[in-house]
There are 2 protein chains.
Amino acid sequence: MKPMKKRVEPTESAKARILAAAEPVFAEWGFDAATVRKISEAAGVPVALINYHFGSKQGLYRAIFEKRTPTIMDQRIAGLRLARAEPDLDRRVDLVVKALIYPMFSLRGESPSADFGRIIVREMSDPQSETRGIFRDMFDPVAQMLTEAIAECFPDWTTKEVHWAYHTMLGAMTIVMTDNGRMARLSDGEVRADDWEEAALHMCAILVAGLKHRDRTLTRGN
Amino acid sequence: MKPMKKRVEPTESAKARILAAAEPVFAEWGFDAATVRKISEAAGVPVALINYHFGSKQGLYRAIFEKRTPTIMDQRIAGLRLARAEPDLDRRVDLVVKALIYPMFSLRGESPSADFGRIIVREMSDPQSETRGIFRDMFDPVAQMLTEAIAECFPDWTTKEVHWAYHTMLGAMTIVMTDNGRMARLSDGEVRADDWEEAALHMCAILVAGLKHRDRTLTRGN
DNA sequence: AATAATCTTGAACGACTGTTCAATCCCCGT
DNA sequence: ACGGGGATTGAACAGTCGTTCAAGATTATT
């Protein structure tokens, strides 16, 4: 007896279509300015279907994160496991930085690619995100692991030095996911923010060197 | 004969009160989700007065930038002049990085302080910002000067290396203005993002070292 | 003192918001 | 062949959105 399977095609299709259509809309407009009607039109379904499948606009929003984040977090955890296997602390720094950055950029493999990155940044810069608690629920645990990994690479660093290092890296990463063509404009089209492979290369080089060679004379004492 | 002066107190007061009240509202909600009624209530004036004084919601939004950005840009230009006076290129890097970062953080002196920083980040991560053109008009010129200053510090760098360096720094800076308490949460309250003096100290240390000691083997070619 | 210019006000406009509801559809197991 | 349950639909709900308007209040100029 096969496991009872519901109507496969049209059912899954409609819900998935809404989920897929919602991503670029939330990316372009942000949570508040995105409207369920824009999403329903993009998905080719009546508005009511969104509330039926996801309960509310916020439910749909959260469903996007629940669909996307596990992949990223698993990759980060795998990267961290790889880093911890490296006994040389100097070489390990490189792996920890890459464990943070590369999983986010590898989003480009999937269809809406940059859209989810933009959603993350908008959620991060939205004070209202606290009420939704998405970061607390889905991102913070791995963030904890990353700061601990940094602390292990630099055993004599203070807590502040560790956390500021993490957030400096985090910020550098977010700007790439945010770019709306400003990089191309400032560089006369010579540099493109959507070339993520290159972005990761440059950013990792700078951040790794920054961690290894930072001047601690002003920050060491507490 | 004195220059014709309009009614000084109540007039300037109402317009200024709207401008001041709008800042925290836009910071908390973003351009689209912020409503003219929230602003008018915060300012204690009827809604219609906003359109009378600023033409439209977007006019008010732009007025905030026109009030705030000149101060920041002037400070950056002054910092760059100081940097160019430093003949030692290695020491000059430090001054260029500080010319980028410190003027933004010195916002804390004025009343709404962090609010405008948040507005900037939200505008930066909003694809709709292109239609408003605020960055193009008010930020890009000085951004050009900054990238040129970096290029002068590292004469053998490629255009891509220069621009990625600039954007890495820019991103690191934005995350601090964005933070909604996540840093404190991740560090059990030990590190606070609103301690901007300390933030600048840590970030400059990392970024300066990142620029000076980055590994160029993978990015040098082309 | 009278006129003009500017500022302020409350109410109203049509358009759009997220969500709900009853009715209808379609496919599955019996 | 038939009933049942999840999926789908269009219409409607009560609010809120940015903006406009005519009227009134306040100040400046003649």
Side-chain angles (χ1 to χ4, degrees), chain A residues 1-23 25-26 28-64 119 122-123 126 128-129 131-132, chain B residues 1-23 25-26 28-64 119 122-123 126 128-129 131-132:
Chain A
M1 130 181 339
K2 29 181 185 178
M4 72 164 185
K5 65 172 177 180
K6 312 176 179 181
R7 180 166 29 146
V8 280
E9 230 322 289
T11 295
E12 286 291 319
S13 175
K15 196 173 176 183
R17 203 143 30 105
I18 293 173
L19 209 52
E23 225 160 336
V25 176
F26 278 127
E28 181 162 4
W29 298 93
F31 178 77
D32 288 292
T35 72
V36 289
R37 280 176 179 82
K38 281 177 192 153
I39 295 171
S40 73
E41 283 172 22
V45 301
V47 260
L49 206 53
I50 291 179
N51 287 73
Y52 174 76
H53 280 299
F54 299 96
S56 66
K57 179 186 175 183
Q58 182 160 330
L60 168 58
Y61 190 67
R62 188 170 251 272
I64 293 177
I119 293 178
R122 299 193 68 136
E123 178 73 4
D126 186 352
Q128 298 296 320
S129 72
T131 69
R132 295 186 279 269
Chain B
M1 143 188 317
K2 34 183 183 179
M4 71 165 188
K5 65 172 178 181
K6 314 174 179 181
R7 180 166 31 147
V8 282
E9 229 321 290
T11 295
E12 286 291 319
S13 176
K15 196 173 175 183
R17 203 143 30 104
I18 294 173
L19 208 52
E23 224 159 338
V25 176
F26 277 126
E28 180 162 4
W29 298 94
F31 177 78
D32 287 293
T35 73
V36 290
R37 280 177 178 80
K38 282 178 192 152
I39 296 170
S40 74
E41 282 171 23
V45 301
V47 259
L49 207 54
I50 291 179
N51 286 70
Y52 174 77
H53 279 298
F54 299 96
S56 66
K57 180 185 176 184
Q58 182 160 327
L60 168 58
Y61 190 65
R62 187 170 251 271
I64 293 177
I119 293 178
R122 298 193 71 135
E123 177 73 4
D126 186 353
Q128 298 296 321
S129 71
T131 71
R132 294 186 280 269

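Order of the sequence lines fixes the chain letters, A, B, ..., with proteins taken first and strands second; residue numbering starts at 1 for each chain.
Here the P atom of nucleotide C:dG18 and the CH2 atom of A:Trp29 are 12 Å apart, to the nearest Å. Regarding A:Gln58, its CD atom lies at a distance of 16 Å from the C1' atom of C:dT17, rounded to whole Å. The interatomic distance linking A:Lys15 (NZ) with D:dG6 (P) rounds to 13 Å, in whole Å. Protein atom CD1 of A:Ile18 is 14 Å distant from nucleotide atom P of C:dG18, rounded to whole Å. One atom, NZ of A:Lys38, and another, C1' of C:dC16, lie 10 Å apart when rounded to the nearest Å. Taking atom CD of B:Glu41 as the reference point, atom P of D:dT16 lies 10 Å away to the nearest angstrom. We find that CG of A:Leu49 is positioned 14 Å from P of C:dT19, with the value rounded to whole Å. When rounded to the nearest whole Å, the span between CD1 of B:Ile50 and P of D:dC17 equals 12 Å.
Contact record, A:Leu19 with A:Ala63: CD1-CB, 3.8 Å, taken as the closest heavy-atom pair. Here the closest non-hydrogen pair linking B:Arg132 and B:Glu123 is NH2-OE1, 3.0 Å.
Cation-pi geometry between B:Lys15 and B:Tyr52 is not satisfied (NZ or CZ under 6.0 Å from the ring centre, within 45° of the ring normal).
The side chain of A:Lys57 has C:dT19 as its nearest neighbour among C:dT9, D:dT9, C:dT19. Taking the side chain of B:Ala48 as heavy atoms from C-beta on, and the options C:dG18, D:dA11, D:dC21, the nearest nucleotide is D:dC21. In the set D:dT19, D:dG6, C:dT6, the nucleotide with an atom closest to the side chain of B:Arg37 is D:dT19. Side-chain atoms of B:Tyr52 lie closest to C:dC7 of the nucleotides D:dT9, C:dT9, C:dC7. Closest to the B:Val36 side chain, of the nucleotides D:dG18, C:dG10, D:dG10, is D:dG18.
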* Asked: Given the rule in the side chain to side chain contact (heavy atoms under 4.5 Å, CB included) test, do B:Trp29 and B:Lys38 qualify, once you have shown the distances and angles that lead to the verdict?
  -> CA-CA 10 Å; B:Trp29 298 94; B:Lys38 282 178 192 152; 3.5 Å; yes
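Of the two residues near DNA chain C, A:Ser56 and B:Gly44, the one whose nearest nucleotide lies more 5' is B:Gly44.
Counting non-hydrogen atoms under 4.0 angstrom, A:Ala33 reaches nothing in the nucleic acid.
Note: A:Phe26 and A:Phe31 have parallel aromatic rings, judged against thresholds of 30 and 60 degrees for the angle between ring planes.
Note on A:His53: a side-chain N or O is less than 4.0 Å away from OP1 or OP2 of D:dT8.
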